[in-house]
Each structure stands twice: as C-alpha cells, then as structure tokens.
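Worksheet: one structure, shown below.
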Amino acid sequence: ENLIRQGIKDDLFTVYYQPKVDIASGKLVSMEALVRFEHPQKGIVSPGQFIPLAEQTGQIIEIGEQVLRKACADTKRWVNQGLFSGRVAVNISAKQFELPDLDDRINKILSDVGLSPLHLECEITEGTLMESPENGLQMMTRLRERGIHLALDDFGTGYSSLAYLKRFPLNTLKIDKAFITDLPANTDDAAIASAIIGLAANLNLLTIAEGVETAEQLAFLKEHDCQIIQGFLLDRPLWPDQLENRLKAEQQRQEATKISP
C-alpha cells in the first residue's frame, strides 16, 4: 500500500497501449491503454499485485485518473500529428464507476488535455456494471451524452441479464479471452463466441475479441464476422514511442498504396 502511495505521489504509473485491429482491413483502428507500475528500487510491479490492492484501498481512483490523463494526452498528440483518428480505450475500475461525478471528472481531463470525447472509449467490466445496474445505466447514459463511447469488457463472465444488456447504451461488446483461448477446437467456446458475435450484431454493437494469439483463432473470428481483434498475434502492448512508430509506418504504407498504380 505504501509503494502504491509512493507511485501515485512520484508519478511512477506509466501507460502503454495494445493495438486493436480491424479484421477486414488490417488497420489499427483503436488501442487499449494499460497501466504499468515502474518502481525505481523494486522494478516493474505486476498489475496482478497492485491493482487488486489499489481497488481495496480506493487508490485505484487516483491511478485511474493518472492513466486517463496520460492516455488522453498521448492520443491528442497522435491526432494532432495526423497519425490517428480512432479511439483510445481506458478501463474504468469498479471504484471509479461508483463515483457520482465520474462523468464530470472524465470531462475535466478531456477539457484540460484538449481531446474530443469522440476519441475516448470507456471499458467497463460486466461484473462492475451488474453490481448496481440501474446506477450504472444512469452513468453510462450521461457518458454517452457527452459523446464518449462505451464498451462492455469481459462479456460472458459477469452474468449480466440480457434484459439489461438491451437497455445499456453500449457501442461495443468485448469477448472475454477465456472464450478465445481454445478456439476453434473447443466446440463449447466456439458456440459461445459465435453466439456473442451474433447477439452483438443484432443489437447493432461492434464486437472485439481479446487475447487473439493464433492464426486459427483469427480465421474463426473472421469467418463469424467479428469486426475487431486485439492480442499477441498482431501486437504485444507497446510503449508510446513504439506505438507512434507503428502509426507512422501504417501511414507510410497507406500513402504508398495511394501512389502505386
């Protein structure tokens, strides 16, 4: 807990990004901001160690705001450079989602950085949302009214009611990695993944599959019309300068394609 407190005070939480790629075009269309805790003496502290404790102590609220501010600042820079026109996805923790003024806090960071809310997507886990679905619905509605996109993370693991799912003002469903890992060999997971993609399509939602690591998984998802994927098959999480280089290389490829007959 003291290490986390020092991390917040000394700005030791850094942000890196995992690209999300459109299956049809192969283009990077968005990215997920992930947090790393780099301590000068202890080295890199695993998120599995510090995030659950930070949730318990409430320190996750300050960490979450630092991550959001850095992610928005990086995205603003790439948008200004003409390298990026999509959205950065930032995870909203359960403690943050309980804040009655969460929308105002997010709006202040966007305003301070100068980033349009159209470039931000908030990822909320299914479990977090179902702790208080009616309050969650009100907050999500307010965020959507500001132009922020909303994704339901870890879908299929949080036991959400389909009646609620229909009411939530979502843009995206993320299929949990647990249903992707054994594709396409595991017939149960294959049935669940294809059902989630079909459900999302019927609700006019985008589908993102996370944890895609093999060509076989990609082929299955493409065949079943999943739109976006993220995972080690395409990119490991990248530091901001690495992602910037990735965006520049993609821009150069696109320009070369336009020039060539």
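By the 4.5 Å heavy-atom criterion applied to side chains, F84 and L243 are not counted as neighbours. L53 places a side-chain heavy atom less than 4.5 Å from the side chain of Q56. In this structure, E244 and Q81 have side chains that are in contact, with non-hydrogen atoms separated by less than 4.5 Å. Looking only at side-chain heavy atoms (C-beta outward), Q227 and I208 stay at 4.5 Å or farther from each other.
Across I61 and K95, no two heavy atoms sit closer than the pair CG1-CB, 4.0 Å. Heavy atoms only, all atoms of each residue included: D154 and E126 are closest at O-OE1, 3.4 Å. Among all heavy-atom pairs drawn from P169 and L137, the shortest one is CD-CD1, 3.7 Å. Nearest heavy-atom pair, A89 versus E123, reported as atom, atom and distance to 0.1 Å: CB-OE2, 3.4 Å. The two residues I4 and Q59 make their nearest non-hydrogen contact at CG2-OE1, 3.4 Å. Residues L170 and A151 approach most closely at CD2-C, 4.1 Å, considering heavy atoms.
Looking at S93 and Q96, their side chains do bring a donor and an acceptor atom within 3.5 Å of each other. Side chains of E121 and T172: a donor on one and an acceptor on the other come within 3.5 Å.
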- Task: Before giving the answer on side-chain contact (heavy atoms from CB on, under 4.5 Å), spell out for L199 and F155 the whole-Å C-alpha distance, their side-chain angles and the decisive distance to 0.1 Å.
- Result: CA-CA 11 Å; L199 174 66; F155 185 70; 4.0 Å; yes
- Message: side-chain contact (heavy atoms from CB on, under 4.5 Å) for I228 and V21? Distances and angles first, verdict last.
- Response: CA-CA 5 Å; I228 298 171; V21 173; 5.8 Å; no
- Message: Checking N80 against R77 for the side-chain hydrogen bond (donor to acceptor under 3.5 Å, both in side chains) test, could you report, in this order, the C-alpha distance in whole Å, the side-chain angles of both residues, the deciding distance, and whether it holds?
- Response: CA-CA 5 Å; N80 284 357; R77 186 172 72 254; over 6 Å; no
- Query: Do K174 and Q230 pass the side-chain hydrogen bond (donor to acceptor under 3.5 Å, both in side chains) test, and can you show the C-alpha distance, the side-chain angles, and the key distance before you say yes or no?
  - Reply: CA-CA 10 Å; K174 288 191 79 177; Q230 68 180 104; 2.8 Å; yes
- Does the side-chain contact (heavy atoms from CB on, under 4.5 Å) test come out yes or no for I106 and I148, once each step is laid out? CA-CA 10 Å; I106 293 173; I148 295 165; 3.7 Å; yes
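A cation-pi contact links R36 to Y16, judged by a cut-off of 6.0 Å to the six-membered ring centre and 45° from its axis.
By the rule that hydrophobic residues join a cluster once side-chain heavy atoms approach within less than 4.5 Å of another member, V90 and L206 end up as members of separate clusters. Under the 4.5 Å side-chain contact rule for hydrophobic residues, L203 and I196 share a cluster. Note on V45: it does not cluster hydrophobically with W239, by side-chain heavy-atom contacts below 4.5 Å among ILVMFWY residues.
R236 CZ: 12 or fewer foreign heavy atoms inside a 6.0 Å radius.
Relative ring orientation between W78 and Y17 is described as perpendicular, the plane-to-plane angle rising above 60° on a 0-90° scale split at 30° and 60°.
With hydrogens and angles ignored, the 3.5 Å screen pairs no side-chain donor or acceptor of D176 with any backbone N or O of F179.
Between Q6 and the options E1, Q41, H39, K42, a side chain to side chain donor-acceptor pair (under 3.5 Å) holds for only H39.
A ring-centre distance under 6.0 Å is found for F50 and F13.
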